[in-house]
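Count residues from 1 along the sequence. These figures come from a predicted structure and were not determined experimentally.
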Amino acid sequence: MSSMHPLPTLTLRFVRAIFYRELILRFRNPSVWLHAIVFFIMVLVLFPLAAGAGLKLLHQIGAAAIWIAALLSVLLGVDSLFRNDVEDGTLEQIVIARHSLTLWVLFKVIVHWLTGGFLLVILSVLSIPLFDFSGAEASVLAITLFLGTPVLTLLAGVAAALTVLLRTNSILVPLISLPLQLPILIFATGAVDVLRAGGDVLPILALLAAGLILAVLFLPFAIASALRLSV
């Protein structure tokens, strides 16, 4: 006889079903997430060519350029994050079945980040040859992307949920989410500058980690509340 309570078992099944469903949908339609990845790579490769400057200047502005590319990549495709689920009735079924809409939102965003923001973290290794970054600078940049891109994704998710019923929400999502995302951009790019100046980057990384924890704890509830208005 199993000692596990039925409610946690149902929750685990629900979470596992969400995770696998979202992964399958993402890999069946790779253009949704590959678009953002290709855009990020193109900006990283083309920026040094278009800038036409020496390695010294590229080295100084590289972290900001990479983070701006990451921010724009995160925003690409977020406007349609929940739209298909509203149109095909998935969202309504989850609400009717009384499953946790917040859990559904959280794991949907996690899969979205795994096939977007997490790949940007890996691709940031390109900054070493293209922007003449040292190993320590590239490592700090990758950590800031690892901590910051999930927050950017969740903030963009709030804007996407608020505008999910609008057909032309691709402009509104960045307009709503960008002001909220700017502090992450400023702190993250500042970490590399502090490292170069010989300072301690741990306080900045700790702030980014705290922001990530708060975002994971509260923003899925905000997104779920916004989505309930569309049901």
Side-chain angles (χ1 to χ4, degrees), residues 15 18-23 25-27 32-37 39-41 43-44 63-64 66-82 85 100-125 127 138-162 164 173-174 176-192 201-227:
V15 167
I18 300 169
F19 193 77
Y20 286 127
R21 176 184 181 274
E22 293 302 323
L23 273 181
L25 288 176
R26 301 287 288 183
F27 283 103
V32 173
W33 52 278
L34 278 178
H35 187 191
I37 302 303
F39 174 82
F40 182 75
I41 294 173
V43 172
L44 254 62
I66 291 167
W67 253 97
I68 290 172
L71 173 61
L72 296 176
S73 297
V74 167
L75 290 173
L76 282 175
V78 173
D79 60 300
S80 59
L81 181 59
F82 304 110
D85 299 298
S100 171
L101 189 56
T102 304
L103 264 183
W104 177 77
V105 165
L106 177 61
F107 280 89
K108 189 174 179 67
V109 172
I110 286 174
V111 173
H112 182 85
W113 177 78
L114 285 174
T115 54
F118 183 64
L119 296 181
L120 302 187
V121 178
I122 297 172
L123 289 170
S124 68
V125 72
S127 65
S139 299
V140 169
L141 178 67
I143 293 171
T144 60
L145 286 169
F146 182 79
L147 296 172
T149 50
V151 183
L152 299 184
T153 305
L154 283 163
L155 289 170
V158 174
L162 288 170
V164 71
V173 170
I176 294 172
S177 56
L178 271 176
L180 302 173
Q181 293 169 330
L182 280 180
I184 303 297
L185 181 71
I186 293 169
F187 277 115
T189 53
V192 177
V201 298
L202 285 179
I204 297 178
L205 297 180
L207 277 175
L208 289 173
L212 173 60
I213 292 169
L214 291 174
V216 171
L217 288 177
F218 294 106
L219 290 184
F221 288 98
I223 296 172
S225 299
L227 287 174

I need the [X] [atom1] to [Y] [atom2] distance, nearest 0.5 Å.
X	Y	atom1	atom2	answer
Thr153	Leu219	OG1	CG	11.0 Å
Leu227	Ile223	CG	CD1	7.5 Å
Ile66	Leu44	CD1	CG	5.0 Å
Leu154	Gln181	CG	CD	10.5 Å
Phe107	Arg21	CZ	CZ	15.0 Å
Leu101	Phe221	CG	CZ	10.5 Å

Tell me the closest heavy-atom pair linking [X] and [Y], and the distance in Å.
X	Y	answer
Phe39	Ser73	CD2-OG, 3.3 Å
Val78	Val74	CG2-O, 2.6 Å
Leu141	Ser127	CD2-OG, 3.9 Å
Ala161	Ala226	CB-CB, 3.7 Å
Ala188	Leu208	CA-CD1, 4.2 Å
Leu145	Pro150	O-CD, 4.0 Å

Could you tell me which residues satisfy side chain to side chain donor-acceptor pair (under 3.5 Å) with Trp33, sequence neighbours excluded, listed by chain and number?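 Trp33: no side chain to side chain donor-acceptor pair (under 3.5 Å) contacts found.
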
Taking the side chain as everything from C-beta on, heavy atoms only, tell me whether [X] gets closer than 4.5 Å to [Y].
X	Y	value
Val201	Thr144	no
Val151	Leu147	no
Leu75	Ser177	yes
Leu76	Leu72	no

Carefully, step by step, assess Leu178 and Leu71 under the rule side-chain contact (heavy atoms from CB on, under 4.5 Å). CA-CA 9 Å; Leu178 271 176; Leu71 173 61; 3.6 Å; yes

Which residue pairs pass the salt bridge (Lys or Arg N to Asp or Glu O under 4.0 Å) test when at least one of the two sits in residues 100-120, sequence neighbours left out?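 Non-adjacent pairs meeting salt bridge (Lys or Arg N to Asp or Glu O under 4.0 Å): Glu22-Lys108, Asp85-Lys108.
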
For Trp67 and Leu152, run side-chain contact (heavy atoms from CB on, under 4.5 Å): C-alpha distance rounded to whole Å, both residues' side-chain angles, the deciding distance at 0.1 Å, then the answer. CA-CA 11 Å; Trp67 253 97; Leu152 299 184; 3.4 Å; yes

Could you go step by step and tell me if Val216 and Ile213 meet the side-chain contact (heavy atoms from CB on, under 4.5 Å) rule? CA-CA 5 Å; Val216 171; Ile213 292 169; 6.0 Å; no

Looking at residues at least two apart in the chain, or sitting in another chain, which of them share a side-chain contact (heavy atoms from CB on, under 4.5 Å) with Ile41?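 If we apply the side-chain contact (heavy atoms from CB on, under 4.5 Å) test to Ile41, skipping adjacent residues, the hits are Ile37, Val45, Leu123.
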
Quick one: sort the Trp113 and Phe146 rings into parallel, tilted or perpendicular, breaks at 30° and 60°.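 Ring orientation of Trp113 relative to Phe146: perpendicular.
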
Within 6.0 Å of CZ in Phe118, more than 12 heavy atoms from elsewhere: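 Check fails, neighbour count at 12 or below.
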
Can you check side-chain contact (heavy atoms from CB on, under 4.5 Å) on Leu119 and Phe40, steps first, answer last? CA-CA 10 Å; Leu119 296 181; Phe40 182 75; over 6 Å; no

